[in-house]
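Here the structure comes first, spelled out in structure tokens, and everything after it is commentary.
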Amino acid sequence: MTAFTTIGKSVPKIDVKEKATGHALYAADLKMPGMLFGKIVRCLQHAHAKVVRLDLSVAAKMPGVIKVLGPDDVKGHPYNTGVLDLMVPEHVGQMLGDIEDQVVFTRHVKHQGDAICGIIARSEEQAERAAEKVIVDYEPLPVYLTAEQSMQPDAVQFTPLKPGNRAFQLPGEMFPNNAYGWGDVDDAMAKADFFVEDTFYVPKQKQCQMEPHAYVAKVDDGGRLHCWTSTQMPKCVHIKLARMFDLPMSKVTVTQTVVGGGFGARLGMIGEPIVAAMAMAVPGRPVKLQYSREEDWIASESRHPGKYWMKIGFAKTGEPVAVDALFRSYKGGYYTQGSGVAFTTGSWLGGMYKWGACRYLGETYYTNHAPCGAYRGYGNPQTNFVMEQLIERACGKMGADPVEWRKKWHKTVGDDGWCPGVTYPSCALDECLDRGAAAIGWSEKRKKFAGQTGIKRRGVGVSVMTHTSGAFPMLLEHTTATVRINEDASAEVMLACSDMGQGAHTALQQIAAETLGFPMADIHLKTGDSESSGFDIGAHASRTVYVGGAAVKSACENARKELFDRAAQYLDCPADQLTMRDKVIHAQATNRSISVAEISARGVFNYPDPATGERSGIPGQIQAYSSHLATHNSPPFAACFAEVEVDMETGEVKLIELVNAHDVGRAIHPASVEGNLEGGAQQGMGFALTEEIYYDDKGLCQNNSFTDYKMLGPSDMPKLTSILVEDPDPIGPYGAKSAGEAGIVAPIGAVANAIYHATGVQILDAPITPEKILKALKANGLSM
Amino acid sequence: MKKRDITLTVNGEVMEVTVAANQTLLEVLRETIELTDTKYGCGTGECGACTVLVDGSKPILSCLTLAATMNGKSITTAAGLAKDGELHPVQQAFVEEAGIQCGFCTPGMVLKTVSILAENPHPSEDEIRHKLEGNICRCTGYAKIVKSVQRAADLMSAGKAAE
Amino acid sequence: MSSRVLPDFELFIPTSLAECLDILARQGDKATVMAGGTDILVMMKASFRPDIVVSLVEVPGLDAFEWDAAKGLRLGAAVTVSQLLASAEVRRHYPALWQAAENFATPQIRNRATVIGNLLRASPAGDCSCAILALGGTVVFAGPAGRREVDIDKLWLAYNVTARKPDELAVELRLPPPGAGTRSGFHRLTRVNEDLAKLNAAVRLEMDGTICKSARMAMGCVGPTMLRLPKCEAAVTGKTLDETVLKSLQDIVQSEISPIDDKRSTAEYRRSVAGVVLKRIIRHALEA
């Protein structure tokens, strides 16, 4: 058993003191000389309309107004706030049909909240007053709130690039018959001994990160654009802004401010194109743009909602011989991550169980809502809600224990993962199921809660999941890292990987410390600066420890190798016979040693002999680099158990306990892994029970506020237990697999299945509200 | 709009500020006094990121308070808790228990914790959860925040015992 | 709307009751009175644009908080919901009101929101309003002609409309003292714990042994104002409150409420649970 110095220890996180004191600077906290304030004017009264008249003349004359910007006043090419185009080869992007259909200010309003013009003023209040004086006439267009509506042949086309308003379907060139999967599903299903089938509805859920979106941008006198943003993907934003405004990357700087939560909301761009366009309109002056909270739901991206049909065929033995599924999602007004979630929703399905045959069709249609993008889990929450409830129904039919069935039929080491051909290198799901079941008291409670007759009834449910560690092979997986040994033997690690609160920076610094053999305190992580770091694809797909960490490990190994090679010369001893302790390198054989400090100093402060001109020692500062491209994927697995109590007279659900057992490989920082599982559970249970963005029949959002978009609060949460199962992965750095997204997924199926166990009814439309439960109980003659 | 001169004591420092009628206390703290630790999270009194303490340890929402109505009041923000670079025991507890992820809710949570422990130095978990309502966190699921409050209670009663 | 920038308005901060009444007399409907501000400011960040806001923060004499076994409870206009919660007398003598205060909003809002402010908001969902309607009470207004008392049953005229005249200020709330047989309770249903109610109800019973001599019942979120339930009250009066009587309320209450579908719930659901909530409040109040 390897003893690590810092890996596996919940060391104090490196960035939290300044957060505790409130000194951490988020984008809205930035103040600069001469700063102006930007305000986006949005169409709030229509979900679909053409702007037929835009008159900014009155607004322009309001006190404090510096500039008013209509659609023709801003520079920049159409863009896509999603950054998937940076992660697939161009020809693949073309096959997928990825497009760039967003502009800074639009004349074709495609959702309530679409931006029609902008104001720049000396103060926020002045910008707000001027915005009230914008004169705009709209021609309302028909509103499409479902795929079924927008796919009609006479529907208004959202973009000429997508006839029939189908934003995406799996392309036939890559997926025969536009389906992900394998085998002959129709044949296998016909031979099945029984099947379960239903159509579910998964809701439009919002990330609700606590930091509202805010930006500062400035174009200096040299024409250089600087953008401060809390994006999850600083290097992607760097390239995108450069391309959008026809600037070389060397004339664009992106500084990532402290990220107040992401969860996918910031997976790409949101307001960066707009604030950059504003900055270009007032060169030399910084422009600050702060979104109000109410803009969040109507002007940034959500989870993909929609109808999700699934049919699973079983043999008498319980073998899942076939699965057939269709997810038809309501895309919202713009393409953004159009090809991403529609695909992965199916791939999570394909990767979970040993399906004999599998067929998944995923498609998205434009609708007049705020667009869908990335939200933690990226299709996996949707699949979990559907798949795990159908499995539960099937287990009921088979008389099979839901835990035992899953142990028998989940995919494991050597099986194809979510991408056929890339097999699972590790899987500790059985241990997750066993330990989770024991922790919640599964067997006893399944028996105890059978045949209840009282008003309050309890139930326990189980769900399993697998996710991903980075996006190989679907997307580019590339992170670069540079390690510099300073003159005093402290180290600087420079990279663009993001910490959104999930603890990635601390884990990366631990990996650096462990690999270099330096104490944590001797290392500084420089992140979030596009000028000093090389490429990184961003914080998404739960990749920062698995791929970012591998880059850091690789760069540090290179630095350590250089140190040892120099020590070998200084100590006249082969490098493989040297050891290092407390930053002193020892040659056992000769009993000689040299400190890292001395190697560094002699490298940097290196003078030629005045007489001979020769250099002493080994000159040069040590700086090592890694341009790490992942070559595999080690998805984590998890089992979640939930206990609920349902009030049969009111349909109210009380959450009693949730156990999340996570196959993490190795927890670099256990408290951070737990924190991600616990936070994910709050979001997953919200998906299952309370969260949905909803609209009236005109497409106007009814709940863009915390008043009516309800999330579980501290007194709603159940007892949470996190079990970290450590079965080190052969590939992940120090055996680690991902934990960033996973925690949201399995609680969804577990809570739904617990409600089923307690009540005998399954609710197919999430969120599962008391209204739906009571209605179902009455319909099934089960109400009290 | 007519402006008023008011006196505010913020983190122990007496300040004369000129405020407009329609300026919230949040705006005056952030823009006029330039203390950015108090956050705008929603502006409608739901999320608690704008929490400040008045009259010692009473938490209120600065986004729903007109600055002009706070003349003569004494206000504490999160930045006022640490003394000479030493974290307040509540802040220390949040660090130790990993109760901080993205940190945006943290200033409000820390102040709420101070108020909870001022009312009851040994609150039960139920009481903690009930009183934390009004401070939204989206990162932690509240689990380690509750642990941080409990740890803070231990640190503060140990500190008192030591006095 | 903007949750970041408030509209323009004129702010008065009177330093005496007389000065306050003078402003209201002169400005009438153009003036909005603000106590804690937690309702008014939220409304102003939405679409509410008052010309004039009158803050009570510096008006003395509005902070009365007196309990007397013979006279009952007397609360001034500045008394906050937190103060109710902190009061052992309120908890003991007016359980319905204490229970309403306990889960009302959040600690920060409770520290500023006033009890009388909740009444004057005239929301059909106000938790404290619900409890007070069941407990019975009197609101005292000060105006140019002196003081005027309005019974709680006559306070709410329509959705968001009270009996207050534009030149009046509500200065006091009086709750009658409970008797030996008084029992009360409050309950509400929400989407999550910290929430506006989707249904709330409160009950005050005068018990003589096991017989209920009289009852006041209030229910919110099922009509344009907070409602009394006279038929349900009649159904329990003079009766022993056994399961049959309590169960009968489920049907009786249907003709007294007119719930709608809204953001928080549906008419169908509210009808399904209205009687259940009443039954549970009564059971719980009798156990205490």
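The sequence lines fix the lettering, A, B, ..., with proteins before strands; numbering per chain opens at 1.
Considering only heavy-atom pairs separated by less than 4.5 Å from chain B, the leading option among Ala671(A), Pro12(A), Gly262(A) is Ala671(A). The most heavy-atom pairs under 4.5 Å with chain B, out of Gln682(A), Met500(A), Met210(A), Glu674(A), come from Met210(A). Chain B forms more heavy-atom pairs under 4.5 Å with one residue of His23(A), Gln209(A), Glu124(A), Gln207(A) than with any other, namely Gln207(A).
For a residue to count as touching a neighbouring chain, one of its non-hydrogen atoms must lie under 4.5 Å from one of that chain's; by this rule Gln502(A) touches chain B with the backbone only. Both the backbone and the side chain of Glu31(B) come within contact range of chain A, with heavy atoms under 4.5 Å apart. Val16(A) touches chain B through backbone and side chain together, each having a heavy atom under 4.5 Å away. Using a 4.5 Å cut-off between heavy atoms, Glu18(A) does not touch chain B at all. Within the 4.5 angstrom heavy-atom criterion, no atom of Ala681(A) approaches chain B. When heavy atoms are compared at a cutoff of 4.5 Å, Ala49(B) does not approach chain A at all. The parts of Phe104(B) that come within reach of chain A are both its backbone and its side chain, each placing non-hydrogen atoms under 4.5 angstrom from that chain. For chain B, no part of Asp499(A) is nearby; none of its heavy atoms comes within less than 4.5 Å.
Going from atom CG of Asn22(B) over to atom CD of Glu125(A) covers 4.5 Å, rounded to the nearest 0.5 Å. Between Cys105(B) atom SG and Lys19(A) atom NZ the span is 10.5 Å, to the nearest 0.5 Å. Between the OG1 atom of Thr140(B) and the CG atom of Leu677(A) there is a distance of 12.5 Å, given to the nearest 0.5 Å. Taking CZ of Arg138(B) as the reference point, atom SG of Cys208(A) lies at 5.0 Å (rounded to 0.5 Å). One distance of note links CG of Leu720(A) with NZ of Lys144(B); it measures 9.5 Å at 0.5 Å rounding. To the nearest 0.5 Å, atoms CD (Glu96(B)) and OG (Ser10(A)) are separated by 12.5 Å.
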Inset, instruction - With side-chain contact (heavy atoms from CB on, under 4.5 Å) as the test, would you mind laying out the steps for Tyr26(A) and Lys39(B) before giving the verdict? - result: CA-CA 10 Å; Tyr26(A) 300 83; Lys39(B) 304 296 182 197; 3.6 Å; yes
Inset, instruction - Go through the steps to decide whether Asp37(B) and Thr21(A) satisfy the test side-chain contact (heavy atoms from CB on, under 4.5 Å), and finish with yes or no. - result: CA-CA 8 Å; Asp37(B) 58 316; Thr21(A) 57; over 6 Å; no
Inset, instruction - Kindly determine whether Lys17(A) and Gln91(B) satisfy side-chain contact (heavy atoms from CB on, under 4.5 Å), including the steps that lead there. - result: CA-CA 8 Å; Lys17(A) 271 194 168 159; Gln91(B) 292 165 322; over 6 Å; no
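Remark: side-chain polar atoms of Tyr142(B) are not paired, donor with acceptor, to backbone N or O of Ser715(A) under 3.5 angstrom. Judged purely by atom type and a 3.5 angstrom limit, Glu46(B) has no side-chain atom pairing as donor or acceptor with the backbone of Ser705(A).
Contact annotation: the side chain of Lys31(A) approaches that of Thr36(B) to within less than 4.5 Å [non-hydrogen atoms, C-beta and beyond]. Two residues are said to be in side-chain contact when any heavy atoms from C-beta on lie closer than 4.5 Å; Arg30(B) and Asp29(A) meet this criterion. By the 4.5 Å heavy-atom criterion applied to side chains, Pro714(A) and Glu133(B) are counted as neighbours. Contact of the Met711(A) side chain with the Ile136(B) side chain is registered, since non-hydrogen atoms from C-beta on lie closer than 4.5 Å.
Nearest approach of Ala20(A) to Val95(B), heavy atoms of both residues: CB-CG2, 4.3 Å. Of all heavy-atom pairs spanning Tyr40(B) and Ser292(A), the tightest one is OH-CA, 3.2 Å. Taking every heavy atom of both residues into account, Gly261(A) and Cys102(B) meet most closely at N-CB, 3.3 Å.
The neighbour count for Lys654(A) NZ, taken as heavy atoms of other residues, nucleotides or ligands under 6.0 Å away, does not exceed 12.
A salt bridge is defined here as a Lys NZ or Arg NE, NH1 or NH2 lying under 4.0 Å from an Asp or Glu carboxylate O, and Arg129(B) with Asp716(A) fails to meet this definition.
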